[in-house]
Amino acid sequence: MQRLLGAVCVPPALLQLVLAEPFLALALATKWAPAVSVFQALSVMYAFYFAISVGMACLRAQRCFATLFAWQTVQLAVSAAVLYVAVSRAGALGAALAAAGAWAISAAVVIGLCVRSWRRALGAAFRVFGAPWGACLLVFAPGYALVRRLDGYGATGHLIALLVVGPALFAAALALQVALHRELRQPAADALRWAAARVGRASSPASMRTRLAIRLRSRHRRQ
């Protein structure tokens with residue numbers, strides 16, 4: 001389950017990282033440019049965060065409540081100390097980087113607690129994190145380089161990155177994950193059939209006539 005969650009959750013998080021700069025450049029003023037690095041660090045954090053909830057559910061299912069409480073207590077104490085030092089030395093960016101590192105380590109620890117074997121934990125952590133990250137980096141690393149090149153074209157380059165490059169990278173990453181994970185093929189096929197059916201109904205002449213009739217009736221009632 002965690003491996004499949006990684007295949008689904010890592011692509012959106014890395015897409016946020018890649019598109020953070022053009023999005024914030026268009027949405028906010030220039031003075032907010034330092035927020036790009038913070039946003040990117042938080043995106044990396046969420047790419048690891050997906051495993052936490054499933055790991056906690058696994059510990060509850062195993063009735064390891066004492067282990068769960070001890071892990072959360074240690075995580076809280078360590079995170080508080082690390083964040084205090086990070087904020088005092090590097091501000092918001094330090095806090096975001098420290099949070100990303102803390103969640104990455106904590107997610108690997110909770111996998112070890114679930115499998116109850118630290119020898120198996122390394123292989124399990126690689127399957128959960130390494131496989132989706134490695135596949136996504138093959139797509140998003142060159143995409144990030146392309147987005148940085150488009151930054152030199154100003155607002156036009158930012159729009160191209162958001163409207164063309166971003167969707168293309170996301171589709172390529174999802175297609176690669178579906179190809180690597182057999183369990184995702186049937187849900188992906190069902191989603192594509194559902195989308196095609198919705199588009200077909202929306203573009204059919206009967207549907208267009210129905211929508212036109214509804215608009216005419218509502219306009220007539222307002223008059």
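Just so you know, these numbers come straight off a predicted model, no measurement behind them.
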Let me check something: do [X] and [Y] share a hydrophobic cluster, defined by ILVMFWY side-chain heavy atoms less than 4.5 Å apart, either directly or through other members?
| X | Y | value |
| --- | --- | --- |
| L159 | V165 | yes |
| V74 | F69 | no |
| L138 | F170 | no |
| L42 | V87 | no |
| V164 | L26 | yes |

Check [X] against [Y] and note the closest heavy-atom contact, atom names and distance.
| X | Y | result |
| --- | --- | --- |
| A173 | F140 | CB-CE1, 3.6 Å |
| C136 | V10 | SG-CG1, 3.8 Å |
| L83 | A98 | CD2-CB, 3.8 Å |
| A41 | L97 | CB-CD2, 3.8 Å |

Open item on the list: Donor-acceptor pair, distance only, cut-off 3.5 Å: does the side chain of S88 make one with the backbone of V85?
Closed with: yes
- [ ] Please confirm whether the backbone N or O of L17 pairs with a side-chain atom of Q40, one donor and one acceptor, at under 3.5 Å?
- [x] yes
If you round to the nearest 0.5 Å, how far is [atom2] of [Y] from [atom1] of [X]?
| X | Y | atom1 | atom2 | value |
| --- | --- | --- | --- | --- |
| L15 | F23 | CG | CZ | 11.5 Å |
| Y144 | R149 | OH | CZ | 14.0 Å |
| L169 | L14 | CG | CG | 10.5 Å |

Open item on the list: Any non-hydrogen side-chain atom of L150 less than 4.5 Å from a side-chain atom of P22?
Closed with: no
- [ ] Indicate yes or no: at least one non-hydrogen side-chain atom of D151 is less than 4.5 angstrom from one of E21.
- [x] yes
